[in-house]
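Working notes for the structure below.
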Amino acid sequence: MSEQHNRADLGKDPQRVSGMFDQVAQNYDRTNTVLSLGNDKLWRIATTRAVAPRPGQRILDLAAGTGASSVALARSGAEVVAADFSPGMIAEGARRHGDVPGLSFVEADATALPFGDAEFDTVTISFGLRNVNDPRAALAEMRRVTKPGGRLVICEFSHPQHPLFAGVYRFYNDRVLPIVAKGVSSNAEAYDYLNESIKDWPDQRTLSTWLREAGWTDVAYRDLTFGIVALHRARAPQA
């Protein structure tokens with residue numbers, strides 16, 4: 001018998017999304033590198049630079065998956081909490097990186113974080129916000145756990161602004177990505193959902209508006225790879 005694959009949909013039921021990520025955890029990082037043509041590593045470097053981790057800081061890395069981004073942050077000497085709502089991802093991350101100093105793994109729902117108010121100097125989330133069933137509630141929760149004056153860094157798929165490049169990007173996602181995903185992923189259907197979620201996700205300006213509505217200040221963004229990805233930054237208001 002073939003293994004039953006979990007496939008989330010745009011309703012983003014937490015159990016279905018979590019189950020889907022459980023099933024792709026083992027090969028998740030390798031698959032992402034292949035599907036992004038290696039750009040995922042560049043996006044991770046840009047995000048780490050934007051977070052600018054320092055010794056003594058306490059940083060929350062949400063939707064951390066297997067902790068690839070968290071490890072880079074922990075190397076600075078900061079105390080990093082890698083949180084994800086997929087127990088399979090957390091287990092894989094702890095197996096790979098459990099001995100990294102200053103790094104801990106926690107299972108957590110972004111819309112109801114198991115942390116106190118103003119616990120973190122910086123909160124960051126990469127390619128996870130669009131998988132949350134209520135992203136605006138998650139943005140408010142992130143602000144709650146961030147210290148006054150603390151920072152938020154979001155790296156997320158977005159929408160290329162140049163029409164020609166946008167057309168090429170759509171062709172890759174619609175025609176090329178599904179074929180490649182079937183060859184390299186243990187659950188190609190999961191990447192059908194991820195493709196749908198990218199199309200459904202709002203553009204850069206809309207996410208900036210959501211950030212302001214959640215109470216964040218100094219909201220700004222910059223495009224990476226022609227707007228395939230956008231790096232959003234904001235601050236928690238001073239007390």
Side-chain angles (χ1 to χ4, degrees), residues 12 14 43-65 67-86 89-90 93 100-158 201-202 204-222 224 229-239:
K12 300 180 185 177
W43 298 333
R44 191 175 298 134
I45 290 169
T47 303
T48 300
R49 285 177 177 167
V51 172
R54 298 193 306 275
Q57 287 186 327
R58 186 164 159 80
I59 298 172
L60 174 61
D61 187 12
L62 276 173
S69 57
S70 310
V71 170
L73 297 172
R75 286 188 183 129
S76 70
E79 180 187 344
V80 180
V81 177
D84 199 289
F85 75 156
S86 161
M89 285 286 193
I90 288 297
V100 174
L103 178 60
S104 58
F105 288 85
V106 175
E107 187 179 336
D109 180 347
T111 64
L113 293 172
F115 307 110
D117 295 353
E119 273 199 38
F120 296 95
D121 297 285
T122 303
V123 174
T124 183
I125 181 169
S126 294
F127 307 110
L129 187 59
R130 77 182 190 289
N131 297 320
V132 177
N133 65 338
D134 189 347
R136 298 191 212 199
L139 292 174
E141 269 292 88
M142 292 177 210
R143 188 172 74 82
R144 179 184 66 79
V145 302
T146 303
K147 295 177 182 178
R151 301 173 61 242
L152 173 68
V153 177
I154 299 172
C155 186
E156 186 55 270
F157 285 110
S158 199
W201 187 245
Q204 295 90 321
R205 291 184 178 181
T206 302
L207 180 51
S208 295
T209 298
W210 288 3
L211 283 162
R212 294 186 186 96
E213 289 173 349
W216 293 94
T217 63
D218 299 336
V219 175
Y221 73 86
R222 70 182 178 95
L224 304 176
V229 165
L231 195 61
H232 291 258
R233 303 177 306 283
R235 281 195 181 275
Q238 293 285 354

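For this chain, numbers begin at 1 and follow the sequence in order.
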Any sub-3.5 Å donor-acceptor pair from Asp121's side-chain atoms to Arg58's backbone N or O?
-> yes
Please answer whether the main-chain N or O of Val153 pairs with a side-chain N or O of Thr124 as donor and acceptor at a distance below 3.5 Å.
-> yes
Between the side chain of Arg151 and the main-chain N/O of Ala50, is any donor-acceptor distance below 3.5 Å?
-> yes
Does the pair Val81 and Phe105 meet the rule for a side chain to side chain contact (heavy atoms under 4.5 Å, CB included), with working shown?
-> CA-CA 6 Å; Val81 177; Phe105 288 85; over 6 Å; no
Nearest 0.5 Å, what's the CH2-OG distance between Trp201 and Ser158?
-> 9.5 Å
Exam field: side chain Arg143 to backbone Ala214, donor-acceptor pair closer than 3.5 Å = yes
Check: Arg205 main-chain N/O paired with Thr209 side-chain donor or acceptor under 3.5 Å = yes
Look at the aromatic rings of Trp43 and Phe157 and report parallel, tilted or perpendicular, splitting at 30° and 60°.
-> perpendicular
Checking Asp134 side chain against Ala137 main chain: does a donor-acceptor pair fall under 3.5 Å?
-> yes
So, Arg144 side chain and Phe115 main chain: donor-acceptor pair closer than 3.5 Å or not?
-> yes
So, for Gln238 and Gly149, which heavy atoms are closest and what is the spacing to 0.1 Å?
-> NE2-CA, 3.6 Å
N/O donor-acceptor pair under 3.5 Å between Thr206 side chain and Pro202 backbone | no
Do the side chain of Thr48 and the main chain of Leu73 share a donor and acceptor less than 3.5 angstrom apart?
-> no
Would you mind telling me which of Thr47, Leu211, Val123 makes a side-chain contact (heavy atoms from CB on, under 4.5 Å) with Ile154?
-> Leu211
Could you give the distance from NE2 (His232) to CD1 (Ile125), rounded to the nearest 0.5 Å?
-> 12.0 Å
So do the side chains of Ile59 and Val51 get within less than 4.5 Å of each other, counting heavy atoms only?
-> yes
Heavy-atom distance under 4.5 Å between the side chains of Leu207 and Leu129, does that happen here?
-> yes
Inter-residue atom distance Trp216.CH2 - Ser208.OG, 0.5 Å rounding = 13.5 Å
Around atom CZ of Arg75, are there more than 12 heavy atoms of other residues, nucleotides or ligands at under 6.0 Å?
-> no
Just by modelled atom types, is the Leu231 backbone N or O under 3.5 Å from a matching donor or acceptor in the Glu156 side chain?
-> no
Checking side chain to side chain contact (heavy atoms under 4.5 Å, CB included) for the pair Ser76/Arg54: CA distance, chi angles, key distance, verdict?
-> CA-CA 6 Å; Ser76 70; Arg54 298 193 306 275; 5.9 Å; no
For Ala83 and Ala108 the tightest heavy-atom approach is CB-CB, 4.0 Å
Could you check if a side-chain atom of Arg136 sits within less than 4.5 angstrom of a side-chain atom of Glu213, using non-hydrogen atoms only?
-> yes
For Arg233 and Arg222, run side chain to side chain contact (heavy atoms under 4.5 Å, CB included): C-alpha distance rounded to whole Å, both residues' side-chain angles, the deciding distance at 0.1 Å, then the answer.
-> CA-CA 9 Å; Arg233 303 177 306 283; Arg222 70 182 178 95; 4.0 Å; yes
The reported gap from CG in Asp109 to CZ in Phe85 (rounded to nearest 0.5 angstrom) is 7.5 Å
Working for side chain to side chain contact (heavy atoms under 4.5 Å, CB included), residues Leu113 and Leu60 | CA-CA 11 Å; Leu113 293 172; Leu60 174 61; 4.2 Å; yes
With a 4.0 Å cut-off, would you call Lys147 and Glu119 a salt bridge?
-> no
How long is the gap from OG1 on Thr111 to CD on Glu141, to the nearest 0.5 Å?
-> 7.0 Å
What's the spacing between Asp61 CG and Ser126 OG if we round to 0.5 Å?
-> 6.5 Å
